[in-house]
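Okay, so here's the structure we're looking at.
All values derive from a computational prediction rather than experimental measurement. In the text below, chain A, chain B and the rest are named by the order of the sequence lines, each starting its count at 1.
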Amino acid sequence: MSTETMEKEPASKVELAPGVGGGGEIPTFDITLKVRRYNPEVSDEAHWDEWKLTMYGTDRVLDALHKVKWEHDGSVSFRRSCAHGVCGSDAMRINGRNRLACKTLLKDLDTSKPILVEPIKGLPVEKDLIVDMEPFFQSYREIMPFLISKGHEPAKERLQSAEERDRYDDTTKCILCAACTSSCPVFWTDGQYFGPAAIVNAHRFIFDSRDDAGDMRLEILNDKEGVWRCRTTFNCSEACPRGIQVTKAISEVKQAILTRKI
Amino acid sequence: MQVHKYDVVIVGAGGAGMRAAIESGQRARTAVLTKLYPTRSHTGAAQGGMCAALANVEEDNWEWHTFDTVKGGDYLVDQDAAEVMAKEAIEAVLDLEKMGLPFNRTPEGRIDQRRFGGHTRDHGKAPVRRSCYAADRTGHMILQTLYQNCVKHNVEFYNEYYVLDLLMVDEEVTVDGETRLQKRVAGVVSYDLASGELHVFQAKSVVFASGGVGKVYKTTSNAHTLTGDGMGIAFRRGIPLEDMEFFQFHPTGLAGLGILLSEAARGEGAILRNSEGERFMERYAPTIKDLAPRDIVARSMANEVREGRGAGPNKDYVLLDLTHLEPAHIDAKLPDITEFARTYLGVEPYTEPVPVFPTAHYAMGGIPTNIQAEVLADNDTVVPGLYAAGEVACVSVHGSNRLGTNSLLDINVFGKRAGIAAAQYALTADFVEIPENPTVETEELLNRARSSEGGERVALIRKELQDIMDANVQVFRTEETLLEALRVIDTLEERYTRITVQDKGKRFNLDLLEAVELGFLLDMAKVMTAAALHRKESRGGHFREDYPERDDENFMTHSMAYKDPSATETSGVRLETKPVIFTRYQPMERKY
Amino acid sequence: MPKTLTPAGTLYRGREGQWSWVAHRITGVVIFFFLLVHVLDTSLVRVSPEAYDAVIASYKNPIMGLGELGLVAAIMFHAFNGIRLILVDFWKKGPKYHRQMLWSVVGVWAVVMIAFSIRHLTHVFGG
Amino acid sequence: MATPIIETPRSGRVAPGYSRTTSSRSNFEMVAWLFMRISGAILVVLIFVHLYVNLVAGDGISGIDFGFVAGKWASPFWQIWDLTMLWLAMLHGTNGIRVIINDYADKNSTRMWLKGVLYTATLVIVVLGTLVIFTFDPCPVIDGVAHVADYCPTP
Ligand SMILES: Cc1cc2nc3c(=O)[nH]c(=O)nc-3n(C[C@H](O)[C@H](O)[C@H](O)COP(=O)(O)OP(=O)(O)OC[C@H]3O[C@@H](n4cnc5c(N)ncnc54)[C@H](O)[C@@H]3O)c2cc1C
Ligand code: HEM
Ligand code: SF4
Ligand code: F3S
Ligand code: FES
């Protein structure tokens, strides 16, 4: 990959096609939002609450949740921060699938039916859409998610070719949102499985040419709760908001363990 | 109430906080308190890059970088700090690489570099490739890498702990035979979101790294959680805030949404056009055109729209044109950005220009510190044990306008400095007794919010605040708009005393915390507006239409805003000044 | 352990991957239990030809014939999908084409089943 | 209403039931995984031919009787064939069920029980099947009557 930027200057003036730049009229539409509520301070049971809302063209599920929280019921609880799909706070189950609320445009959903919003599955629900993330991060921590390099440090940067850098590019995109792990039918069963996110982050280091601890990570994932529990259901790959080829990464880790052992 | 005892407590786990934690954690007992899980911090949203004069792809040196920083900040930069930052930039990038950050590479396998606005060769001769990057998710990779290294070093995190107060005691000190009272840090008070309990952290050193305050504006690239808590806490405790009138508006926010399209897009060759298809930056900055510093580009854009050359049905935005670039090139260098355009606006950047408009982006001002990252209680008195770094702080490396890529640099250089300094101080100092009833004020604050039944909605007040800030304290300001803004903020503050928080529970009561955050936002909006009113000149990010020229004679000074209820005409904000530190560059006209 | 709340949440709407896995699992179990029985009945050849023939004859009614059809359907799906899974694991592009491969599995399975049904049902009903 | 005691999540405190207490450092799961794939690949051939010969070729299902089976097992080729099929299918299936038990039985004792039953059943079936194939006499003499078929050696 070269750093060549634009060699030829773009034109000072161009003809723009009429109506260029999308935008245009932003229509409003009505939706019904159904949220699965749970608050152990009030009741041990969960229930569904429903609101009718008028929303705009570029609104996302997060905007609808905000509208509810800010205008109707302040006690509806959910995590969020960046609002554009880079912080990983608001993975939730929207119409039965794990998505980021801030990246799911309402107009892309079927607005003729109620939009169902539930917490992600397989982790203990704390309140409404908020789940306990500690087990998830525990698995992440266990795979040693940091560069371990033997030998002494070079004075400047370690060299790495563009191809070597490319080898693990996909798995560096992970924002630890847990959409993958909590979409995995194997993880749902007993919560013991390391889960796709931990494997993705192990992959990021195993295939980094600068790292020397790949063997240790492979050994960790060779555990009975490790990669072999993956049944290639691809829910994780479908759920990943960063478009990471999760199942492929898991497969590559499996291959790496196999080739090392045989 | 529970009490914990640590040598060092770090508030915030963004880039600055975690960089500090890595240093401090290896030297002293350290806890990091953060209202978000560390990897949710907004550092992860940064796209473009982090600059350092590595000279990996072309000739460069840290002095040029210093010059660009000083000039970019319109000479309001403290030059000693800028020198430190530019010099230590190289090590900062190499540190990150050694920690494992996957930078993009040159064909030789070195860290690749690209152009970024305002970064030039040899004092402004031509754009230079100085920004180190990892595709367009440099901030994401920095945040992840720092978190990974915190895991490696077993840093203790208290996740979803909101720090709501800073505990300080007044100590008698004798300086030059004169005895006076001096503030010293004792710890912080924090609120555990999960349980609703207050926890007091006694600490020898406290490092504030709680990030920015972009949510005072409606159109912003900032996260919902960037509500200026750290600045607000310090301000309420009598610490001044420096240069708060300078807020950066990033030129290329997705129109209407504020979601950022990195300057890297222009670094890679994208250009801005108005409704007539004209590349208008040729008129405003003939030499570096679209790569002029952000304040200039943002104002030029706003001006195009004002003069009726805006695109779109309401003529309220301009267009970012990438169509002359190779799709493969765009994919390789700017994948996330193109995805944003597609996801949120449904625009295909390969073939269509993308609607953009300036978006509130970065607070140049903040808690004043020196180059040791020590917090100042006035122009030169250090508060022993108190440190600040990152967007919450103002070492003043950015002056009146921050150059792109200098913030990721700032958080790394000064985060590291803060961590080391805080730990070293903690190793020599003793614990300070925490004051009796350390949580009274915080409890009062929370109870007031929880029990008031005036019926006012937090969200509505916040929205009105954001609207007035967008309308009156944005790229163009006048005395009139600013006074009007102050007046509105005053009425909003009054209404704020009558809010109702619907959620009365203890567990994950985000409703309550949003109310508390709104309090900080109101305070900060007030400070920003008052400071803007005070500065009767135009400089960097602050543009007064009634005073369109830079006025070095009267205003080549930092502003220092103090909480002072007696300053009634500026809503309880008293403004003072602080001299700018010059080392090698004298002010010149800023032309690009 | 995940706490189960009532009312239960909705079913996770996984896509092809999830449902093919469910089917693979169910067919696997079905085949396993059939195999247990199948080994037992075949063992009757060791007891006496009559005993064996008697049991086999009792299998030769239309209901059992349909059962056999179902069993073959299960085996066929499990086998073809098993090959798909092996490809997902060992072929570099497997994960990328898993969905296309699933639809091929279903296609081949359908063809085989139609052909087999014709042949088998003529035996069963045509006696 | 008495306020319920609600555990709050804590940094570093992992909810009970999620922490992996026993870490098994062996290659068993890997070998099992690999075995599933290898045996699966072989079983495809074994089972397809088996099904074809038994259900499609000749008279199909209606043609199956003692003679048919005896005829096949008179040849060592089919003996080996069916033996391999028996072993591979049983081990493959048993391991598959073991995985399923591990997934869904969440109490350790239930797990033990189910697996105990599974392994016993497997053992019985595999031993029984093997014995039948090897000790089977295609031309048995029962009560003095010889069951003679054309594959039997002329007495
Ligand atoms: C969209 C976008 C793109 C950017 N791109 C670039 C770029 O390309 N190059 C560049 O140099 N800069 C860029 N910047 C600027 C830069 O990213 C930020 O200024 C920088 O990351 C701020 O880091 P920080 O550590 O100070 O704060 P943050 O990363 O914002 O972290 C704040 C932390 O403080 C915690 N916190 C806040 N309040 C409290 C409280 N009350 N109690 C406890 N914890 C609290 C939060 O939980 C969080 O962990 C960009 C900014 C944005 C918004
Ligand atoms: C016909 C050829 C066969 C092939 C190609 C095949 C292939 C496979 C493969 C690859 C798996 C692993 C799936 C995974 O790990 O996700 C598997 C699982 C399984 N197989 Fe087979 N198999 C065959 C025959 C059989 C037979 C005859 C039985 C019954 C005795 C059987 C029972 C099972 C069971 C119970 C599982 C476990 C399912 C699960 O864990 O979800 N299979 N098969
Ligand atoms: S792999 Fe994708 S889905 Fe999983 S945690 Fe990372 S970003 Fe989220
Ligand atoms: S969803 Fe689970 S089963 Fe494997 S492919 Fe993904 S980890
Ligand atoms: S709010 Fe950050 S990912 Fe959705």
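- Contact annotation for A:I250: neither backbone nor side-chain heavy atoms come within less than 4.5 Å of a heavy atom of chain C.
- You'll find the side chain of C:W19 stays beyond 4.5 Å of the side chain of A:T233, heavy atoms only.
- Only the backbone of C:L11 comes within less than 4.5 Å of a heavy atom of chain A; no side-chain atom from C-beta onward does.
- Using a 4.5 Å cut-off between heavy atoms, A:S237 makes no contact with chain C at all.
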Point to revise | Check against side chain to side chain donor-acceptor pair (under 3.5 Å), C:H24 and A:R231 | key: CA-CA 10 Å; C:H24 195 82; A:R231 312 242 74 83; over 6 Å; no
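- Only the side chain of A:K254 comes within less than 4.5 Å of a heavy atom in chain C; its backbone stays farther off.
- Counting heavy-atom pairs closer than 4.5 Å to chain A, the top-ranked of the candidates C:R15, C:Q18, C:H98 is C:H98.
- Ring centroid separation for the pair A:H203 and A:Y168 does not come in under the 6.0 Å cut-off.
- The backbone N or O of A:N98 lies less than 3.5 Å from a partner atom in the side chain of C:Y12, making a donor-acceptor pair.
- A salt bridge links A:R260 with A:D215: the closest approach of a Lys/Arg side-chain nitrogen to an acidic carboxylate oxygen falls below 4.0 angstrom.
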